[in-house]
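Since the structure comes first, as structure tokens, the remarks are kept for the end.
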Protein chains: 2
Amino acid sequence: MGRGKVELKKIENPTNRQVTFSKRRMGLLKKANELAILCDAQIGVIIFSGTGKMYEYSSPPWRIANTFDRYLKAPSTRFEEMDVQQKIIHEMTRMKDENNRLRIIMRQYMGDDLASLTLQDVSNLEQQIEFSLYKVRLRKQQLLDQHLLEMHHREMHIPGEQNNYLCHMVSHMYKLSPGLY
Amino acid sequence: MGRGKVELKKIENPTNRQVTFSKRRMGLLKKANELAILCDAQIGVIIFSGTGKMYEYSSPPWRIANTFDRYLKAPSTRFEEMDVQQKIIHEMTRMKDENNRLRIIMRQYMGDDLASLTLQDVSNLEQQIEFSLYKVRLRKQQLLDQHLLEMHHREMHIPGEQNNYLCHMVSHMYKLSPGLY
DNA sequence: AAAGCTATCTATAAATC
DNA sequence: TGATTTATAGATAGCTT
């Protein structure tokens, strides 16, 4: 929108970023309000700016807390039936532990917090990640092939541009992974 | 937008309402994502349709819980007013959700369950994993250097085997990463 | 209920004040 | 800096299939 296309990445210039934040924040909240009213939906939006300031919207006439309460309760178990407090404490502890465990694994998988690992561990990790990368690239190639095929079919119906689809494809790929070229 | 201006009131025709809901919901989430990325903000959006179905967005790379944590901790919310049991329920639910979320992310990070990701998502994932791999290899090299140094020092005290430590090292490295040689 | 298609309306980036 | 204007990209209402 506006005088030029904007690529989807953090705006580096702080002034521009602040101006855009202000405009788009207003736009987002307006859209949320329209959607809530037009379609009779309940909506909650929370925005924290980079500097930590909070902005929120909740569809009238409910308070935002209600929306979030529903969110918190939506995928959860019914605790009404639970009577033993001990049970709760036990379950919480278990979940907390599992959570921490997952976080640690996750961080190591992302290449952080490797200090406690032995050479053997790091090596195993490396191989696992190599395999992940292999699978992800496989999937990416599938999607690219699919995309290419679609564009090719589209081009078939637009004579005169038959030689351009590869250019489009390449430029698209470049936008997705500029670092690769 | 579209072929005619719409006044800001509930769309009475259920079919039109549903279609508009679907379109605008997507639009809203897209805008939220753009704002989060362009302006480096943390954003959470929850939408309940009139029929009670829930949709949500949280600023990348994942974890709506984070945004809501900050909301709940923000000064002067209803959280303070809740009784202890309520707080426990909230906390348990939050942990459970976070747990599920971590598992999903983990699986995607390991290159499984990629079917739901777009080309863009897969591309981002690929770059993240590449970076992880880079960090892990960096750490591995550190450990190898360290190991090498230790062996070298040891050799200094055992004359007669001075020319063998490199052979040991190479064979050790080979055992760790046979694929590399 | 799902997709695709434009004419049109809206949001907003950049320019200007 | 902040408000206002303008040109353009983007969103979408009403259709069609």
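Sequence lines set the chain letters: A, B, ... in the order given, protein chains first and strands last, and positions in each chain run from 1.
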Side-chain contact, heavy-atom cut-off 4.5 Å: B:Arg17 with B:Phe21? no
Between A:Lys5 and C:dA13, is there a contact of a side-chain N or O with OP1 or OP2 at under 4.0 Å? no
Under 4.0 angstrom, heavy atoms only, what part of the nucleic acid is B:Thr20 near: base, sugar-phosphate, or nothing? sugar-phosphate
No-hydrogen, no-angle side-chain donor-acceptor test under 3.5 Å, B:Asn124 and B:Gln128: no
May I ask you to say what B:Lys23 touches in the nucleic acid, namely base, sugar-phosphate or nothing, with a heavy-atom cut-off under 4.0 Å? base
Round to the nearest Å and state the distance from B:Lys31 atom NZ to C:dT12 atom P. 4 Å
When you measure from the side chain of A:Arg24, which nucleotide among C:dA1, C:dT12, C:dT10 comes out closest? C:dT12
Report yes if at least one side-chain N or O of B:Arg3 is closer than 4.0 Å to OP1 or OP2 of C:dC5; otherwise report no. no
What I'd like to find out is whether the side chain of B:Leu114 reaches to under 4.5 Å of the side chain of A:Leu138, using heavy atoms alone. no
Measure the distance from CG on A:Leu29 to P on C:dA11 and round it to the nearest whole Å. 12 Å
d(CD, B:Glu34; C1', D:dG10) in whole Å: 8 Å
D:dT17 - base-pair partner by Watson-Crick or wobble geometry, distances under 3.5 Å: none
Protein-nucleotide distance (A:Leu8, atom CG; C:dT12, atom P), rounded to Å: 14 Å
At under 4.0 Å between heavy atoms, what does A:Val19 touch on the DNA or RNA strands: base, sugar-phosphate, or nothing? nothing
Would you say that B:Arg137 contacts A:Glu130 through its side chain, given a criterion of any heavy-atom pair below 4.5 Å between the two side chains? yes
Atom NZ of A:Lys30 and atom P of C:dC9 are separated, to the nearest Å, by 14 Å
